[in-house]
Protein chains: 2
Amino acid sequence: MDSENILERPFITITNLIWSFDHATNRVNILLVKRDNDPYNNYWALPETFMRAQESAEEAALRLVKEKIGMDLSGSHTEQLATFTNPLRTPGDRALSLGYMTFLPDKPQLKAGYGASDARWFTMGYTDKTYTFSDSDHIFQSTDCPVQRTYYSEFGGTNADPDKHLAFDHEWILKVACDRIRNKLDYQPNILLILGGKFTLKDARRVYSPFLKVRVEQIDNSNFKKSHQELFTDIGSSEVNGPGRPARLYKLAHLSA
Amino acid sequence: MDSENILERPFITITNLIWSFDHATNRVNILLVKRDNDPYNNYWALPETFMRAQESAEEAALRLVKEKIGMDLSGSHTEQLATFTNPLRTPGDRALSLGYMTFLPDKPQLKAGYGASDARWFTMGYTDKTYTFSDSDHIFQSTDCPVQRTYYSEFGGTNADPDKHLAFDHEWILKVACDRIRNKLDYQPNILLILGGKFTLKDARRVYSPFLKVRVEQIDNSNFKKSHQELFTDIGSSEVNGPGRPARLYKLAHLSA
DNA sequence: ACAAAAGTGTTCTAGTTACACCCATGT
DNA sequence: ACATGGGTGTAACTAGAACACTTTTGT
């Protein structure tokens, strides 16, 4: 097919958004790494890898998890987010990014992997227009720009301040990811996999909260149960660990691949 | 980033689903081409091209339209569908496919382009489990398999009958596309762009009909208007062309890129 | 006047929201 | 006993479905 016109093939990058839940703080977390190679050396970024010839993109995304946090997730849930192809997204060599998301059943300790001088969990929050991801030293945000073309035309590249902005177009990718998760909250809330195999309704509301940009108490438990019970299966009562009635435990009713 | 382990880079294919509407028959159409090179020589397929180094994937998708049907669509609406990476999807060399969709404002005559011995419009219909695409000689269908992994594990490859099946995993791609369009019907019905700049409510219902798998008359006009009027803008009355009251004309209220 | 095509309005129902109340546990 | 966290129930409201009716055109 007009193969004489094919120029060099672009690099294919797998970008994986790795989510977890901290049961101590009851907050949603995402994994960011500090790059130690160019481009965007010393910027914080979503974890990335290159795809190998004999693996599917999903496999590459899971291998990336293993490299970054030393966790074997052969059976874990990974789903495709979108593919990012804008020529402006990388300086120099063209690179396509295939975006994936992995929902970890717990929040493991981290060790920096290949190509990263640091790897940390960032806690999710929100503002009026953005989602925020912060640790003790930094706060990063999804872009507040709603339109793709506008975002890339105003894209700062490597001039941005590495203490305030992420590498590449990762602030756009974060926006796409959070919007996607939010849209699926009412019919396929795979994000709840970060709660592990079982969870209480309150846990679920704590996960929904930042995506809906409301406080947990603003999500009425009675109504939440009524409108989501078809998605959850009751698997008995939780063990007691404090004052108050023990909560019932649920699991996701049907995961579709 | 562990670059010593990168094997050969895969081929990147752009697969574009090109939709149009036939105002004579009031049916939705999709463009298929008959391949005249390997693999899948002589099979019908969705139009594909390779991406060039200096164009974005969207640009490649639009260039493909120009090559296939000689139509310049610089300003047309193209949106990303998904990326297909399963190693089983191509025999021999690995090829990723970036899926896009283009909604043509009319239904032009066709001429076969590079890499195709024929190019035709196929009329959309439906069965219980599938969407159908037929012309006078053939009827092809989206897969009836609901699960990606199952689909690829049962995937027949080049053993399938070229008069009954499409090339590659294009029956899976068709399913993903139709499901996507259906899901967006109630909040971002970009598929209506195939009606051109203006349309009547009945036109809109004729487009919705095959995706919802119901006959046009089963979509109540009153209720349809009530639940979709925020998506449409009234732009006056249509000219008269037969018995009956002239219909009002609408356009899409807000297209987001 | 009547048939055809399109638009409007009304009832009925089902799903949401707000909020009050009841239950189980630890101290 | 009572405070705390969690589950249940009900009334009000709102969005959707079914269907009858009115308007505008051509013959």
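Just so you know, these numbers use all the heavy atoms, side chains as well, and skip hydrogens, waters and symmetry mates. Please read these numbers as outputs of a predicted model, since none were measured by experiment. Chain letters run A, B, ... following the sequence lines, proteins first, then strands; residues in each count from 1.
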Considering only NZ, NE, NH1 and NH2 on the basic side and carboxylate oxygens on the acidic side, decide whether Arg149(B) and Glu58(A) come within less than 4.0 Å. no
Send over the distance from Glu217(B) CD to dA17(D) P, rounded to a whole Å. 17 Å
Before you tell me yes or no, could you show the steps for Asp169(B) and Arg89(B) under salt bridge (Lys or Arg N to Asp or Glu O under 4.0 Å), namely the whole-Å CA-CA distance, both residues' side-chain angles and the distance that decides it to 0.1 Å? CA-CA 6 Å; Asp169(B) 52 357; Arg89(B) 65 178 300 278; 2.7 Å; yes
Do Thr102(A) and Thr78(A) get their side chains close enough for a donor-acceptor pair, meaning under 3.5 Å? yes
Between P on dG6(D) and CG on Asp234(A), what's the gap in Å once rounded to a whole number? 15 Å
Given protein heavy atoms under 4.0 Å, the one-letter contact record of nucleotides 6-18 of chain C, with B base, S sugar-phosphate only and - none, is simply SSBBB------BB
Can you confirm whether or not the ring centre of Phe155(B) sits under 6.0 Å from the ring centre of Trp172(B)? no
Below 4.0 angstrom, N of the basic side chain to O of the carboxylate: do Asp203(A) and Arg206(A) qualify? yes
Using atom CZ of Phe224(B) as one end and atom C1' of dA5(C) as the other, report the distance to the nearest whole Å. 17 Å
